[in-house]
Amino acid sequence: KNQVEQSPQSLIILEGKNCTLQCNYTVSPFSNLRWYKQDTGRGPVSLTIMTFSENTKSNGRYTATLDADTKQSSLHITASQLSDSASYICVVSALGGANNLFFGTGTRLTVIP
Amino acid sequence: NAGVTQTPKFQVLKTGQSMTLQCAQDMNHNSMYWYRQDPGMGLRLIYYSASEGTTDKGEVPNGYNVSRLNKREFSLRLESAAPSQTSVYFCASKDRARVGQPQHFGDGTRLSIL
């Protein structure tokens with residue numbers, strides 16, 4: 001069964017600290033993995049996309065990693081800011097078909113001053 | 001840059017009432033999607049339209065209908081609302097012709113069914 005699991009469910013960190021969010025998946029055949037940021041009351045916005053051949057990609061203070069062998073991805077946030085408070089959703093795309101996206105339930109990150 | 005626009009932003013209905021959620025995108029995307037988001041659950045696909053003139057069921061289509069009015073607009077209709085349909089509904093669009101493009105989401109419609 002194609003599934004995407006994220007951990008932790010929620011996380012509270014102090015402003016300026018780093019954190020890492022995890023995503024494990026069983027989706028097959030794998031096409032790509034994308035991390036979205038969803039601010040409260042808003043729709044998700046894409047942060048990064050990882051394909052099979054990529055094992056790390058950065059977008060500012062966000063760095064995503066992918067281990068396609070173990071089917072794990074992580075999102076590392078460096079020097080957190082209050083504006084990083086949001087839900088982070090891992091979405092895995094399977095090859096083929098028009099309905100091929102599998103969503104994690106998200107990690108709720110709260111950055112406190 | 002409007003992107004994906006959803007209306008209304010909030011709505012309260014009584015059980016059995018009907019309503020249509022509107023979605024429009026100005027990015028000339030060919031594919032459009034309707035999701036619902038419930039606490040503790042990931043986004044679940046209700047219906048999607050791969051291209052103008054086509055619609056297909058997603059994971060949770062029961063109780064909903066859709067219309068792809070034109071390339072820009074994709075509406076979701078609840079014919080007889082039920083409390084189980086209380087949720088946040090997101091519309092998304094995507095350019096399927098370009099590999100690796102993300103879905104672009106609207107800001108959601110928060111729907112409560114009493």
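Residue numbers start from 1 in every chain, and the chains themselves are labelled A, B, ... in the order their sequence lines are given, proteins ahead of strands.
- For A:Gln9, no part lies near chain B; criterion is any non-hydrogen pair under 4.5 Å.
- In terms of heavy-atom pairs under 4.5 angstrom with chain A, the leader among B:Asp56, B:Val88, B:Val4, B:Leu43 is B:Leu43.
- The residue among B:Ser31, B:Pro102, B:Gly42, B:Gly108 with the most heavy atom pairs within less than 4.5 Å of chain A is B:Pro102.
- Interface residue B:Gln37: only side-chain heavy atoms are found under 4.5 Å from chain A.
- Annotation for A:Ile112: atom CD1 counts as buried by contact number, over 12 foreign heavy atoms lying within 6.0 Å.
- Panel note: side chain A:Gln3, backbone A:Phe102; no donor-acceptor pair is recorded below 3.5 Å.
- Contact of B:Arg44 with chain A is not made at all, since no heavy-atom distance falls under 4.5 Å.
- One finds no salt bridge joining A:Lys17 and A:Glu15 here, because no Lys/Arg side-chain nitrogen approaches an Asp/Glu carboxylate oxygen to under 4.0 Å.
- Below 4.5 Å, heavy atoms of chain B meet heavy atoms from A:Arg34, A:Tyr36, all part of residues 19-36 of chain A.
- Under the 4.5 Å side-chain heavy-atom criterion for ILVMFWY residues, a single connected hydrophobic cluster contains both A:Val92 and A:Tyr62.
- No donor-acceptor distance shorter than 3.5 angstrom exists from the side chain of B:Thr109 to the backbone of B:Tyr89, with no hydrogens or angles considered.
- Below 30°, between 30° and 60°, or above 60°: for A:Phe103 and B:Tyr35 the angle between ring planes is above 60°, a perpendicular geometry.
- The candidate with the highest count of non-hydrogen atom pairs below 4.5 Å against chain B, out of A:Gly106, A:Gly41, A:Ser87, is A:Gly41.
- The backbone N or O of B:Met41 lies less than 3.5 Å from no partner atom in the side chain of B:Asp38, so there is not a single donor-acceptor pair.
- Placement of A:Leu101 and B:Tyr48 within a single hydrophobic cluster is found when ILVMFWY residues are connected by side-chain heavy-atom separations under 4.5 Å, directly or transitively.
- Heavy-atom neighbours of A:Arg42 CZ from other residues, nucleotides or ligands within 6.0 Å: at or below the threshold of 12.
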